[in-house]
Student: 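Got a structure for you, written out below as structure tokens; questions coming shortly.
Scope of the values below: all heavy atoms of this structure, side chains included, with no hydrogens, waters or symmetry mates. Treat the numbers as computed from the prediction; the structure is a model and nothing was measured.
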Amino acid sequence: MDALGFAIFALAALAGGFVSGFSGFAMGLVVSGVWLHIITPIQTATLIAGYGLLTQGYGIYRLRHVLDLRKAWPLALGTVIGIPIGVEILVYLNPLYLRFGVGVLLMIYSIYGLARPVFAPMRIGTGADIAIGISNGMLGGLTELGGVISTISCQWRGWPKDLQRAVFQPVLFIAFVVISLSQAAAGSITRETLVLYALGVPFMVAGLWSGFKMFGTIQDETFRKAVLALLLLAGLSLVVSTLPFSADR
């Protein structure tokens, strides 16, 4: 990688860290659109998982004062169950149709949420949470967006922004652990990727720190809208990835 390529890589890491620090998720969504043009898809996926452990771990540490594992464990358990199911199902489905359908649903949900008042808080039991977690993991295995459903479910409950993140960030951390172990078993983690990871850490951390500083200044409603906007972006990215010009790249 030449100097220009590394500068682009580092700026994407900075932006991804900032978005993760601000919202608690969507780092992979930000960096993948850039990194896929300068490094291989395997390196991109490996780095996203590795940096995901860093960003989610940092978020958990910062929100430790409101951390409640009783609320997080059903979603985490379901996610661990759902990831391999999603990967297995992917073998039998057309990924283009799947990504397009999920993308459209995310866009509809996000636009509706942005256009209407706050959703009335919902009470969700442990069994339902495990089912939500399984769906969350399956979506991750199918589309690489493993935190979307858990994030949405935290919004449904009407929790304050700190508690939302204190629940869905441990779920994301567990998902990245599972993904990283799978990548290690598959031999995807190479020396070159580890060097690139180490070089990008300062930029990811700088973005993460600044994003968390901004998160501390916003109100719950602003956070709700920011999450919906990122979900809208995630849906749009899925739809765009199915278009002919994307498939030809």
Side-chain angles (χ1 to χ4, degrees), residues 1-21 24-61 76-91 95 99 133 136-148 150 168-209 211 234 237-238 241 249:
M1 182 184 297
D2 57 19
L4 177 60
F6 178 73
I8 295 172
F9 172 84
L11 286 174
L14 183 70
F18 176 83
V19 170
S20 182
F25 74 112
M27 177 271 296
L29 178 67
V30 173
V31 300
S32 61
V34 178
W35 289 353
L36 286 172
H37 294 282
I38 55 178
I39 58 178
T40 68
I42 292 177
Q43 285 180 314
T44 298
T46 304
L47 288 172
I48 288 173
Y51 286 131
L53 293 173
L54 171 65
T55 58
Q56 299 306 319
Y58 179 77
I60 292 169
Y61 172 76
L77 175 62
T79 297
V80 171
I81 295 171
I83 289 174
I85 296 175
V87 172
E88 182 65 24
I89 292 175
L90 189 59
V91 177
R99 293 173 74 87
N136 185 63
M138 287 176 60
L139 184 64
L142 289 166
T143 68
E144 300 178 3
L145 292 176
V148 167
S150 60
F168 73 67
Q169 291 210 236
V171 175
L172 282 167
F173 182 84
I174 293 298
F176 281 125
V177 168
V178 173
I179 293 169
S180 295
L181 289 175
S182 300
Q183 290 171 340
S188 301
I189 304 176
T190 64
R191 182 179 180 278
E192 181 182 357
T193 303
L194 289 174
V195 170
L196 199 55
Y197 180 90
L199 292 173
V201 163
F203 301 95
M204 183 67 66
V205 170
L208 187 61
W209 179 84
S237 71
L238 285 175
S241 71
R249 283 190 306 182

Student: For the atom pair CD1 (I189) and CD (Q183), what is the distance rounded to the nearest 0.5 Å?
Tutor: 6.0 Å

Student: Could you report the tightest heavy-atom contact between W35 and L47, atom names first, then the distance?
Tutor: CZ3-CB, 3.8 Å

Student: Any idea which heavy atoms bring I60 and P170 closest together, and the distance?
Tutor: CD1-CA, 3.7 Å

Student: Check A26 against V19 and note the closest heavy-atom contact, atom names and distance.
Tutor: CB-CG1, 3.9 Å

Student: Compile the donor-acceptor pairs under 3.5 Å between side chains in residues 6-13 and protein atoms, sequence neighbours left out, one pair per line.
Tutor:
none

Student: Taking all non-hydrogen atoms of both residues into account, name the closest pair between S150 and N136 and its distance.
Tutor: N-OD1, 3.0 Å

Student: Quick check for you: to the nearest 0.5 Å, what is the distance between Q56 atom CD and F176 atom CZ?
Tutor: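 Between Q56 CD and F176 CZ, I get 6.0 Å after rounding to 0.5 Å.
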
Student: For residues 194-209, dump all side-chain donor-acceptor pairs below 3.5 Å to protein atoms at least two apart in sequence or in another chain.
Tutor:
from: Y197; atom 1: OH; to: G50; atom 2: O; distance (Å): 3.1

Student: For V177, does its backbone N or O pair with a side-chain atom of S180 as donor and acceptor, under 3.5 Å?
Tutor: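 Pair absent, no side-chain N/O of S180 close to backbone of V177.
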
Student: Please check if atom CD1 in I42 has more than 12 non-hydrogen atoms from other residues, nucleotides or ligands closer than 6.0 Å.
Tutor: no

Student: Rounded to the nearest 0.5 Å, how far does CG of L139 lie from OG1 of T79?
Tutor: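 Answer for the OG1-CG pair, T79 versus L139, is 10.5 Å.
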
Student: On a heavy-atom basis, which atom in S20 and which in T55 lie closest, and how many Å separate them?
Tutor: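 For S20 versus T55, the nearest heavy atoms are OG-CB, 3.3 Å.
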
Student: First locate atom CD of Q43, then atom CG of L36, and finally report the distance between them rounded to the nearest 0.5 Å.
Tutor: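 Q43 CD to L36 CG: 10.5 Å, rounded to 0.5 Å.
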
Student: Between atom OH of Y61 and atom CD of Q169, what is the distance when rounded to the nearest 0.5 Å?
Tutor: 14.5 Å

Student: Locate the shortest heavy-atom distance separating S32 from G28; write the atom from each residue and the value.
Tutor: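 Shortest heavy-atom separation between S32 and G28 comes out as OG-O, 2.8 Å.
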
Student: So how far is it from I174 CD1 to I179 CD1, rounded to the nearest 0.5 Å?
Tutor: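 Reported to 0.5 Å precision, the distance equals 11.5 Å.
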
